[in-house]
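Reviewing the structure listed below.
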Amino acid sequence: MEPPAPNPGHGAGRPMATRPAPCTVRSPVALQVGDVKTDLARPGVAVIDVALPPAQPLDLQEIVFKNSYTAFLTVRVQRRHPCDVGRASARKWVTCLWNHCLMPSPHTEAGSQDYFSLFRHQLLCDVDQVTAVRLILRQPSPVWLHFTLEELRLYPRGQQSLQTDFPSWLSHLAPQQQPENLHGGVPDPEKVSTEVQQLWVLTEMIRANQTAARIGRFDVDGCYDINLLSYT
Amino acid sequence: MAACEKRRSAPAPATGSGLVEPVRAGVGGREPESEAEFLLQAGVTSMVREALLKVLEARPEEPVSFLASYFEKLVLSGPQGGAAADRHRQQQRLVRALWYVRLAHHSHRTAFHNNVSMAYECLSARGRRKKPGVNGRIYSELLRKICQDGEAPEEVVSSLLTKIQCRDHEAVPFDVFRYGVLSCVVLLEFVAKADTLYDILDDGSGMADKRVCHAVLGTLEDALGASDFSVPIRYLEAGSKLGPDCLALAMDKALLERKICSSMNREEFLKKATALFIAKVKPID
């Protein structure tokens, strides 16, 4: 099922064969001010951390999710620079989407359960070699007590699976060539083609309707059994 | 209605009638049965229903004469005694089976299949002394009669019949019967279409160029090819090979060849075209 994108589609679509990158999505953590245990106020901000496998930084193509009553979304990514190899710390977090509006009116239902798809060209910065993604959800309305994102999937870039069972003649289709100067004696190709195709259909029909039933004209009923023959 | 049912002695069974004998249950002297009941018991309801179904399947241009001949054949199919009438009855059965086969075009698959089963049943019902079933002789006769109606040349018909005929003494199962009948009917259509094709190829002059004919038939043979037929991609392939562009190219190329310009007459063209068809007919063994 293809989730609809929030913007009208650009040419860059996701190829059908792409699979989401493996990642671990943690449940949203609400931001708390003050003591976690005693303070019961709902702040309206939650954070979802997505951890990618450490050795496989990802070139992000698309982020897909289903909204569940989140009004605004900010996305920050942690990237790995080539010069960072060997250094364990000091990776910077970069904001690639800031306060993106998912629900036009936070108090109402519009957009509250829609599917969203964020392409790399919509993001503010380059999202290659990403090692972690953090989604900051905001819901200022007191109407919705719980808000989150569901079915979060990250799609990497550039996965094109070749179809292996493509018949060769289909990929080598000759361009339509109408011979410019047909001889005068050549009959109308359209009419010829119609008739010949009908002939083909009739022959195919008779071939497809072959019966498996047999009369058994030359079947013998076992009296040519090899054991009996050897006695004569 | 159940309250009105009373016992009454059944009348003596009628002879020579194909209709179901009416067995009436009612009180002696009074006949409270309604008209619907009478029709049902006389078997008229099912007969009329069958007739209507046949009309719907066949969609004839003259429904009234169609129905008239239908009922006439129904009457004629009643049992008639006498050994001398056996041959006559067999001819009648043959004619009736032929009529069934011709009711629907073979492209209406269900209707055609039903009609072929009715023809098979009609031919299977033999006289009182013989065992029921279709034997090779009557099957071959039927095939020959079907082919006679079309304008297929004799050679073509005989080459098809050698493939699908059965020996006189063999018992023909229904599948073989259906296949044989279908092959004949489709052959007739094939010959008609090949005829039209020749008319196009000769441009009204009466004689078509041999090179062009060879080119067209060669393309058809190529498209019929030898690849496995269960893959739908074959249809795409055949469609692209038999498109107007490819055919135009093939014909143009053929005309460029420097051969002595000779022509192919209609019979030869038909023979070559039907050879392609008959090659795909599976022989019966």
Side-chain angles (χ1 to χ4, degrees), chain A residues 15-17 160-226, chain B residues 106-107 136 166-167 170-176 178-180 182-183 186-187 189-190 193-194 196-197 200-203 208-209 212 216-217 219-220 223-224 229 233-240 242-249 251-256 273 276-277 279-282 284-285:
Chain A
M16 286 296 284
Q160 296 260 10
S161 72
L162 289 170
Q163 297 212 7
T164 47
D165 52 352
F166 218 54
S168 61
W169 65 269
L170 206 50
S171 48
H172 293 127
L173 276 178
Q176 284 194 358
Q177 305 163 0
Q178 275 287 3
E180 260 104 34
N181 44 350
L182 284 180
H183 280 222
V186 171
D188 184 8
E190 298 271 339
K191 290 193 198 150
V192 174
S193 168
T194 320
E195 293 300 319
V196 172
Q197 284 182 17
Q198 290 184 30
L199 292 182
W200 184 87
V201 164
L202 288 175
T203 317
E204 271 302 299
M205 205 183 107
I206 208 68
R207 193 213 288 229
N209 270 319
Q210 277 174 10
T211 172
R214 298 172 61 242
I215 298 232
R217 189 172 291 161
F218 301 117
D219 286 351
V220 294
D221 55 354
C223 43
Y224 289 118
D225 199 12
I226 194 74
Chain B
H106 67 84
S107 58
C166 287
R167 311 254 169 87
E170 287 171 334
V172 179
F174 175 66
D175 271 339
V176 172
R178 185 190 63 88
Y179 183 67
L182 182 68
S183 311
V186 173
L187 175 76
E189 189 168 348
F190 189 93
K193 296 243 182 270
T196 327
L197 179 60
I200 298 176
L201 286 181
D202 73 2
D203 272 342
D209 194 305
V212 173
V216 169
L217 289 178
T219 324
L220 178 60
L224 284 172
F229 61 75
I233 208 106
R234 282 194 74 240
Y235 299 144
L236 284 180
E237 198 173 341
S240 87
L242 296 176
D245 318 313
C246 289
L247 277 172
L249 274 176
M251 290 192 289
D252 203 41
K253 203 167 83 167
L255 280 179
L256 287 173
L276 291 175
F277 174 82
K280 300 296 176 200
V281 172
K282 182 175 149 218
I284 294 188
D285 62 347

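So that the names make sense, note that chain A is the first sequence line, chain B the second, and so on, each numbered from 1.
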Study note, to complete from the structure: The side chain to side chain donor-acceptor pair (under 3.5 Å) partners of B:Glu189 (sequence neighbours excluded) come to B:His105, B:His106
Revision key, fill the gap. Between the CD1 atom in A:Ile206 and the NZ atom in B:Lys280, the distance rounded to the nearest 0.5 Å is 13.0 Å
Study note, to complete from the structure: Heavy atoms of A:Glu195 and B:Leu197 approach each other most closely as CB-CD1, 3.8 Å
Exercise for review: Check the surroundings of atom NZ in B:Lys282: do more than 12 heavy atoms from other residues, nucleotides or ligands lie under 6.0 Å from it?
Suggested key: yes
Practice item. Answer yes or no: is there a donor N or O on one side and an acceptor on the other, between the side chain of A:Thr203 and the main chain of B:Phe277, under 3.5 Å? Key: no
**Study point:** Distance, nearest 0.5 Å, that separates CD of A:Gln210 from CG of B:Asp175
**Key:** 12.5 Å
Point to revise | Top of B:Ser107, B:Cys166, B:Pro173 for chain A proximity - count of heavy-atom pairs under 4.5 angstrom | key: B:Cys166
Practice item. Could you point out which residue of B:Leu242, B:Ile200, B:Thr219 forms a side chain to side chain contact (heavy atoms under 4.5 Å, CB included) with A:Val192? Key: B:Ile200
**Study point:** Portion of B:Ala171 that has a non-hydrogen atom of chain A nearer than 4.5 angstrom
**Key:** backbone
Check your understanding: Can you say whether B:Leu247 sits under 4.5 Å from chain A via the side chain, the backbone, both, or neither, judging by heavy atoms?
Key -> side chain
Check your understanding: With only heavy atoms counted, which part of B:Arg167 is less than 4.5 Å from chain A, the side chain, the backbone, both or neither?
Key -> both
Exercise for review: Heavy atoms only, distances under 4.5 angstrom: which of B:Thr196, B:Asp202, B:Leu276 has the most pairs with chain A? Name it, please.
Suggested key: B:Thr196
